[in-house]
Amino acid sequence: MTAAMDIAITKATESKLKSTSFEKLVFGKDFTDHMLEADYENGEWKNVEINPFGPIQFMPSMAALHYGQAIFEGIKAYKNADGEAFIFRPYDNWKRFNISAQRMQMPEVPEEIFIEGMKQLVAVDEDWIPTKPDHSLYIRPVMFATDESLGVHASKKYKFLILLSPAGAYYDAPMKIYVEETYTRAAPGGVGFAKNAGNYGGSLLAAQKAKEQGYDQVLWTDAFEHKWLQEVGTMNVFFIINNVAITPSLEEGTILNGVTRDSAIKVLHEMGIHVEERKINIDELIDAYKAGTFTEIFGTGTAATISRVKELRYQDFSMYFDLEKYNIAKELKQRLTDIREGRAEDTYGWMLPV
Ligand SMILES: *Cc1c(COP(=O)(O)O)cnc(C)c1O
């Protein structure tokens, strides 16, 4: 690794900090005073700068808009009781970002831009990190193709940005979900394992249909039989059966390798809960539900950490879950929150000091 990159910093003339209402933060609406920018051109990254947050100009022919080479990440920064700032597991997001980049024929972003740039940016806007419980600074790295051409090919130019958005306590309302049998999020050989923008665009119709029927999200299934379970909305999913945690395995490449999923697996082990990463289908869940051994189902992701499910429907059969009995999800969430907010010892080295 070369010496720390020189990042030119241009400070905003006026801070928006005082005029931002931290009492009623809506996710992803407010942004801090600065953002990181970098350009990829002629095979190299350049113009790595921290600039005032604001509009950027592009040509209408910008490739990302037409052909969808766009990927992103979601990460959180916290302050501990002593006011020290930390970023949660950014190296894992960096690795995943470059896996997404590779799948989408985009250049990798080097550590000194993704990690060092993020650290410097968070340091510049450190006062924006909320200190209240369950609050955090949401970090959004994003990269997109900027070639000015309608030719269908991998772009030669790219823009990389890091945005920061203060985030309030995510109200993780217990979800009503159903098993999706019409639409498909990802198939083997596709892009399900990449955090690319199009995966989200492609999922919105299914989410809307769920809303129309009074549900919050769908439980995605495989493309062939619509029986093998993948993810819940844009979260990884865990099932507790006989006090064993089961989560779909990553091998097929149809699900996102969630950092929260990985953290959950490690903390569940610590709690003495056996974890199985394997294929699991809806029939197994129904059998377990009827036998009374299927007690919890929850989603994991950076935004909400752990989201419990109160109803899971498959065709005409609904399974209901007693939120009072979500003992494993509850303890898991507490342990993860304690690590991130600096109340528990960081035995895994997950918290990167800013
Ligand atoms: C981002 C994302 C997740 C959660 O990943 P984390 O790293 O835990 O935030 C799960 N599924 C999909 C489809 C995602 O895009």
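Just so you know, ligand 1 is whichever comes first in the structure, and atom 1 is the first atom listed for that ligand. Predicted model, so just to flag it, every value in this text is computed and none were measured.
- Heavy-atom contacts of Arg185 reach the following atoms of ligand 1: 13 (C) (cutoff under 4.0 Å).
- For the pair Arg313 and Tyr215, the cation-pi test (distance below 6.0 Å, angle within 45°) is passed.
- Note on ring orientation: taking the six-membered ring where Trp is involved, the planes of Trp350 and Tyr348 are parallel (angle under 30°, cut-offs 30° and 60°).
- Taking the six-membered ring where the residue is Trp, Trp128 and Phe22 present tilted rings, their angle falling between 30° and 60°.
- Between Asn257 and ligand 1, not a single N/O pair is under 3.5 Å apart.
- Within ligand 1, the atoms closer than 4.0 Å to a non-hydrogen atom of Val259 are 6 (P), 7 (O), 8 (O), numbered from 1 in the order shown.
- The backbone of Met235, and not its side chain, has at least one atom closer than 4.0 Å to an atom of ligand 1 (non-hydrogen atoms only; backbone = N, CA, C, O).
- For ligand 1, the atoms sitting less than 4.0 Å from at least one non-hydrogen atom of Gly258 are 5 (O), 6 (P), 7 (O), 8 (O), numbered in the order shown with element in parentheses.
- When side chains are defined from C-beta on, Lys79 does not count as touching Pro130, because their heavy atoms never get closer than 4.5 Å.
- With hydrogens and angles ignored, the 3.5 Å screen pairs a side-chain donor or acceptor of Tyr67 with a backbone N or O of Leu150.
- Summary of contacts: the protein heavy atom closest to atom 1 (C) of ligand 1 is Lys195 NZ, 1.4 Å.
- Counting heavy atoms under 4.0 Å from ligand 1, residue Leu256 touches it through the side chain alone.
- Proximity to Glu231 (heavy-atom distance under 4.0 Å) selects the following atoms of ligand 1: 10 (C), 11 (N), 12 (C), 13 (C).
- In the displayed structure, Lys325 atom NZ is contacted under 6.0 Å by at most 12 heavy atoms of other residues, nucleotides or ligands.
- Considering backbone and side-chain N/O atoms, Thr302 comes within less than 3.5 Å of an N/O atom of ligand 1.
- The protein atom (non-hydrogen) at minimum distance from atom 15 (O) of ligand 1 is Tyr200 OH, 2.3 Å.
- Considering backbone and side-chain atoms alike, Asn93 places every N or O at 3.5 Å or more from each N or O of ligand 1.
- Near Thr234, meaning under 4.0 Å from one of its heavy atoms, ligand 1 places the atoms 2 (C), 3 (C), 10 (C), 11 (N), 12 (C), 14 (C).
- Aromatic pair Phe53/Phe31: centroids less than 6.0 angstrom apart.
- Stacking of Lys159 on the aromatic ring of Phe58 is not recorded, the 6.0 Å distance cut-off and the 45° axial limit not both being met.
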*Let me see the working for Phe97 and Phe160 under ring-ring contact (aromatic ring centres under 6.0 Å, His included), right down to the final yes or no.*
CA-CA 11 Å; Phe97 191 76; Phe160 174 71; 5.6 Å; yes
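- Looking at Asn236 next to ligand 1, no N or O pair under 3.5 Å apart turns up.
- Polar contact with ligand 1: absent for Arg261 (N/O pair, distance under 3.5 Å).
- A side-chain donor-acceptor contact under 3.5 Å links Asp346 to the backbone of Met351.
- Around atom 8 (O) of ligand 1, the closest heavy atom drawn from Asn199, Thr305, Thr260 belongs to Thr260.
- Taking a cut-off of under 4.0 Å to the non-hydrogen atoms of Arg96, the atoms of ligand 1 that pass are 5 (O), 6 (P), 7 (O).
- In terms of protein heavy-atom proximity, atom 4 (C) of ligand 1 is closest to Gly301 CA, 3.9 Å.
- The pair Asp283-Lys227 counts as a salt bridge, with a side-chain nitrogen and a carboxylate oxygen less than 4.0 angstrom apart.
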